[in-house]
Amino acid sequence: MERPELSIAVLRDPDETVLKLAGEIDMLTAARLSSVVNEVLADAPVRIVLDMTGVTFCDSQGLGTIVVLTKKASHTQSVLMLTNVGEFLLRVLDITGLRSALTVR
């Protein structure tokens, strides 16, 4: 079985940092996402935007990681938001009740 990959492109501007994600967010890649977001949080941006356009899969570990990162961002006075979330993932967020805990635009 092929190892899932997650590529993360970081685009910074004064008010927000956008992380363009492509690939899978799962138990093998969630730590990488967490590491990159933690690095971005060190600069205390107003907003961190996870652009989910290229995300093809997200398991429970990935969802849990996003929730934890949302809380960490809040503690540093930043907002973490998801954008371009696909229909499948939106449905999962609705079913799990996580959509109300996350900022989705």
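Residue numbers run from 1 in the order of the sequence given. All of these numbers come straight from a predicted model, not from anything done at the bench.
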Check: Thr29/Asp26 side-chain N/O donor and acceptor closer than 3.5 Å: yes
Contact check, side chains of Val55 and Glu24, non-hydrogen atoms, under 4.5 Å: no
ILVMFWY cluster, Leu102 and Leu69 together (side-chain gap under 4.5 Å): yes
Value rounded to 0.5 Å, distance of CD1 in Ile66 from CD in Gln61: 11.0 Å
Within one Ile-Leu-Val-Met-Phe-Trp-Tyr cluster: Met81 and Leu93, side-chain cutoff 4.5 Å: no
Nearest heavy atoms of Cys58 and Leu89, plus distance in Å: CB-CD1, 4.1 Å
Expected list for residues 41-53: side-chain donor-acceptor pairs under 3.5 angstrom, two or more places apart:
from	atom 1	to	atom 2	distance (Å)
Asp43	OD2	Arg12	NH1	2.8
Arg47	NE	Glu16	OE1	2.8
Arg47	NH2	Glu16	OE1	3.3
Asp51	OD1	Thr53	N	3.0
Asp51	OD1	Thr53	OG1	2.5
Asp51	OD1	Asn84	ND2	3.0
Asp51	OD2	Lys20	NZ	3.0
Thr53	OG1	Asn84	ND2	3.1

Least distance between heavy atoms, Leu33 atom then Ile8 atom: CA-CD1, 3.9 Å
Closest heavy-atom pair and its distance - Arg32, Ser7: NH1-CA, 3.9 Å
Any Leu82 side-chain heavy atom under 4.5 Å of Thr103 side chain: no
OG1 on Thr70 to NE2 on His75, rounded to 0.5 Å: 11.0 Å
Same apolar cluster: Val37 and Val10, side chain cutoff 4.5 Å: yes
Common cluster, Val40/Val79, ILVMFWY with side-chain heavy-atom separation under 4.5 Å: no
Within one Ile-Leu-Val-Met-Phe-Trp-Tyr cluster: Leu90 and Leu21, side-chain cutoff 4.5 Å: yes
Heavy-atom closest pair, residues Ile25 and Gly62: CG2-CA, 3.5 Å
Reported CG-to-OG1 distance for the pair Asp94 and Thr96, which is rounded to 0.5 angstrom: 8.0 Å
